[in-house]
Amino acid sequence: MTSITENLAHTASAADLSATGNNLVAAGVDEAIESFLGPAAQTFSNIVFFELQIGSLGIPLIVVWLMAAAVFITFYLRFQPITGLRYSVGIIRGRFTRKTDPGQVSSFQALATELSGTVGLGNIAGVAVAITIGGPGAALWIIIFGFFAMTVKMAEATLGVKYRQINEDGSVSGGPMYYLRAGLAEVGRPKLGKFLAGFYALTAVLGVIGAGNLFQANQAAAIIVQATGSDDSFFADKLWLIGAIIAALTALVILGGIKKIGQWTSRLTPLMAILYFVSIIVILVLNAGQIPHAFALMFTGAFSSSGVAGGAVGVAIVGIQRALFSNAAGIGSAGMAHAASKTTKPATEGFVAMWEPLIDSVIICTLTSLAIITTGLYTESTEDGIGLTAQAFGEVSSWFPYLLTIAVVLFAFSTILAYGYYGQQALGYLTKNSKAADKAYQIFWILAVIVGASMSLDSVIAFSDAIFFLMAFPNLLGIYFLARILRLEILRLRKRIDAGVMKEITPVELQVGMGDHEPTPEQIRAAEAGRRRKRDKLRDVRDTLRRKKLERKKAAD
């Protein structure tokens with residue numbers, strides 16, 4: 001019997017867009033690539049996505065690893081997604097951080113950058129595939145484990161800031177590589193930390209290429225072709241042209257570094273979220289009478305004993321796999337995005353990062369699920385993946401799927417920007433922040449967009465995806481070791497806010513805010529003077545204590 005992972009392997013491969021894209025590329029090049037890389041990629045993928053067989057049900061161990069960590073951290077941190085979410089609103093608005101704090105972007109821009117990397121085809125095509133395979137019940141499991149993923153993101157972002165490296169030019173280097181190395185050294189395991197950090201950085205450099213670049217460019221090109229006439233489209237034999245346009249736009253942004261990426265994603269993310277949200281709401285309004293029934297199907301189907309291999313457990317695995325894979329909780333990307341935030345309190349970014357799975361796997365996935373279920377298309381359509389979502393949009397009007405096309409292209413472009421930054425951070429760790437290596441990687445990343453749009457690189461993407469999810473092993477292992485430090489940071493910040501010790505920054509002009517966060521020369525000088533006063537005061541205290549110690553020693557003699 002076909003296993004759950006085989007059914008779900010690489011969501012996009014199941015989507016109609018992939019089929020469309022495959023028909024539009026040079027078969028000879030594809031065959032050469034497949035014959036060379038295919039067997040090795042499949043073998044490596046089988047190792048990473050190794051399944052534990054329970055009867056006829058195959059449970060991927062990597063999913064168990066991600067799921068167990070999400071549940072453990074949520075309990076260990078005392079259910080912060082419920083008890084701590086209220087603390088995050090003021091932090092996201094930049095009221096508790098100063099423009100003169102170390103960092104390069106605002107909390108809101110870091111949130112937008114990470115959402116740009118996770119909100120996308122996983123929420124559109126992935127949900128459709130999950131419902132096609134597991135029925136409406138799979139959607140409920142996506143929501144449930146989206147909730148647990150909130151704490152994983154909180155952990156990654158907090159540790160990313162705590163152990164980040166502020167470079168001489170003011171730029172920031174951070175992410176799992178740094179908290180694995182420095183954090184595990186702090187708890188007495190320096191050798192293990194150094195190994196896990198290097199292993200993570202290597203897998204990150206390679207893993208983001210497939211999932212964050214080749215696949216995104218390929219799908220963006222495919223849906224543009226589909227929307228403009230499929231085989232009769234002007235772009236049908238000019239996929240490279242679509243790739244070149246996206247690559248040019250990518251170059252304009254990515255060569256500007258994290259500041260430029262943060263500026264663009266903070267604008268694109270709300271735009272694409274609003275566009276998709278409004279489109280889905282229109283579908284739900286037209287099918288409003290079916291919404292209660294859709295929720296009923298989700299709840300009953302989540303614990304159904306039929307409809308998918310393994311019954312209720314099979315439905316759960318489908319939903320859990322889609323939730324944890326779509327929001328990338330456990331991959332460590334949140335640690336890189338939020339490390340660049342302007343703050344002196346690591347836990348502030350943890351409270352911000354919690355919103356990412358909430359928006360990604362709870363809100364957006366719920367809306368997509370309801371749109372598909374209320375139309376009833378999942379029971380009668382031969383489409384799956386994004387093709388099924390497009391059909392749901394087509395129920396409104398023949399032109400409505402064009403809105404989905406715009407949303408998908410924006411999702412793909414923003415993901416390319418975000419994951420390009422993650423790859424640079426990982427490479428920076430391996431090359432000790434070599435400027436030459438960084439620039440070379442940026443150029444490679446831009447050119448890869450053209451390659452991804454032009455070719456069907458199934459084996460390359462399969463290989464990259466396997467490496468991508470392999471990143472979760474060292475990252476989550478490190479979080480287990482650092483769990484006690486993590487809890488101290490989170491609970492201490494909450495107590496400071498509750499006690500009124502941590503207050504909003506005054507004057508308001510000094511707050512980071514959600515837009516312009518660059519300090520003025522006067523603010524910089526004032527901050528430097530304040531730091532000097534603190535250093536002088538600390539030195540005076542130390543001198544006083546040292547003097548009193550000598551006096552007591554003399555008196556004792």
Side-chain angles (χ1 to χ4, degrees), residues 73-74 77-99 101 103-119 143 146-162 262-263 265-274 277 327 329 334-335 337-367 486-487 489-517:
I73 296 170
T74 300
L77 295 183
R78 301 180 184 177
F79 285 89
Q80 294 303 317
I82 295 175
T83 64
L85 203 59
R86 64 185 178 89
Y87 294 92
S88 62
V89 178
I91 297 172
I92 292 174
R93 298 180 69 178
R95 294 180 174 180
F96 294 97
T97 49
R98 294 176 174 83
K99 292 180 179 180
D101 284 345
Q104 295 174 275
V105 298
S106 68
S107 294
F108 175 71
Q109 289 177 327
L111 172 66
T113 298
E114 178 60 7
L115 278 174
S116 295
T118 57
V119 175
I143 297 168
F147 165 79
F148 285 103
M150 292 171 67
T151 325
V152 179
K153 291 277 190 172
M154 180 183 220
E156 293 174 348
T158 301
L159 294 173
V161 175
K162 182 173 178 60
Q263 290 171 3
T265 54
S266 64
R267 294 172 186 141
L268 280 178
T269 299
L271 174 63
M272 65 189 186
I274 291 171
F277 178 80
N327 59 45
H338 288 274
S341 297
K342 282 181 174 287
T343 184
T344 57
K345 306 168 188 68
T348 57
E349 293 310 298
F351 285 101
V352 173
M354 280 200 301
W355 281 85
E356 292 152 12
L358 178 64
I359 296 171
D360 179 289
S361 295
V362 177
I363 297 175
I364 294 180
C365 286
T366 298
L367 292 173
L486 176 65
R487 184 165 70 170
E489 289 285 346
I490 297 295
L491 298 183
R492 182 167 54 190
L493 182 71
R494 284 187 52 164
K495 286 186 176 180
R496 292 188 65 188
I497 295 175
D498 290 339
V501 175
M502 183 173 168
K503 300 179 181 179
E504 290 188 10
I505 302 300
T506 55
V508 175
E509 292 75 21
L510 193 56
Q511 295 178 1
V512 169
M514 297 173 65
D516 178 28
H517 56 267

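In what follows, residues are counted from 1 in the order of the sequence shown. Values below: all heavy atoms of this structure, side chains included; hydrogens, waters and symmetry mates excluded.
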>> If I take atom CD1 from residue I91 and atom OG from residue S106, how far apart are they, to the nearest 0.5 angstrom?
In response: 13.0 Å

> OH/Y87 to CD1/I92 distance, rounded to the nearest 0.5 angstrom?
Replying inline: 15.0 Å

> Shortest non-hydrogen contact from A149 to N327?
Replying inline: CB-ND2, 3.6 Å

>> Regarding K503 and D498, does a basic nitrogen lie under 4.0 Å from an acidic carboxylate oxygen?
In response: no

>> Using the rule given for side chain to side chain donor-acceptor pair (under 3.5 Å), can you reason through R494 versus Q80, listing the C-alpha separation, both sets of side-chain angles and the distance that settles it, and then say yes or no?
In response: CA-CA 10 Å; R494 284 187 52 164; Q80 294 303 317; 3.0 Å; yes

> Passes side chain to side chain contact (heavy atoms under 4.5 Å, CB included), V512 versus F96? Steps please.
Replying inline: CA-CA 8 Å; V512 169; F96 294 97; over 6 Å; no

> Do you know the tightest heavy-atom contact between A337 and A110?
Replying inline: O-CB, 3.6 Å

> Only one of E156, E356, K153 forms a side chain to side chain contact (heavy atoms under 4.5 Å, CB included) with H338, so which one is it?
Replying inline: E356

>> Between M502 and T348, does the side chain to side chain contact (heavy atoms under 4.5 Å, CB included) criterion hold? Intermediate values first, please.
In response: CA-CA 11 Å; M502 183 173 168; T348 57; 3.8 Å; yes

> Any luck finding a side-chain donor-acceptor pair between T158 and E489 under 3.5 Å?
Replying inline: no

> With side chains defined as the heavy atoms from C-beta onward, is the minimum distance between V352 and F108 less than 4.5 Å?
Replying inline: no

> Roughly how far, to the nearest 0.5 Å, is CZ of F79 from OG1 of T74?
Replying inline: 7.0 Å

> Is there a donor-acceptor contact under 3.5 Å linking the side chains of D101 and T343?
Replying inline: no

> Where do K99 and Q511 come nearest, in terms of heavy atoms and distance?
Replying inline: CE-O, 3.1 Å

> Is there a side-chain contact between P346 and L159 (heavy atoms, below 4.5 Å)?
Replying inline: no

>> To the nearest 0.5 Å, what is the distance between CG on L486 and CD1 on I490?
In response: 5.5 Å

>> I need the K345 NZ to R496 CZ distance, nearest 0.5 Å.
In response: 6.0 Å

>> Applying side chain to side chain contact (heavy atoms under 4.5 Å, CB included) to M150 and L85, what does each step give before you reach the verdict?
In response: CA-CA 10 Å; M150 292 171 67; L85 203 59; 4.0 Å; yes

> Does the side chain of E349 pick up a donor-acceptor pair with the side chain of S107 at under 3.5 Å?
Replying inline: yes

>> Tell me the closest heavy-atom pair linking F351 and S88, and the distance in Å.
In response: O-CB, 3.1 Å

> Is the CZ atom of F277 crowded by more than 12 outside heavy atoms at less than 6.0 Å?
Replying inline: no

> So, does K342 use its side chain to make a donor-acceptor pair with the main chain of V105 at under 3.5 Å?
Replying inline: no

> What pair of heavy atoms forms the shortest contact from V161 to A339, and how long is it?
Replying inline: CG2-CA, 4.1 Å

>> Please evaluate residues D360 and I364 with respect to the criterion side chain to side chain contact (heavy atoms under 4.5 Å, CB included), reporting the C-alpha separation (whole Å), side-chain torsions for both, the decisive distance (0.1 Å), and the verdict.
In response: CA-CA 5 Å; D360 179 289; I364 294 180; 5.8 Å; no

> If you take all heavy atoms of T97 and I505, which pair is closest and at what distance?
Replying inline: N-CG1, 3.7 Å

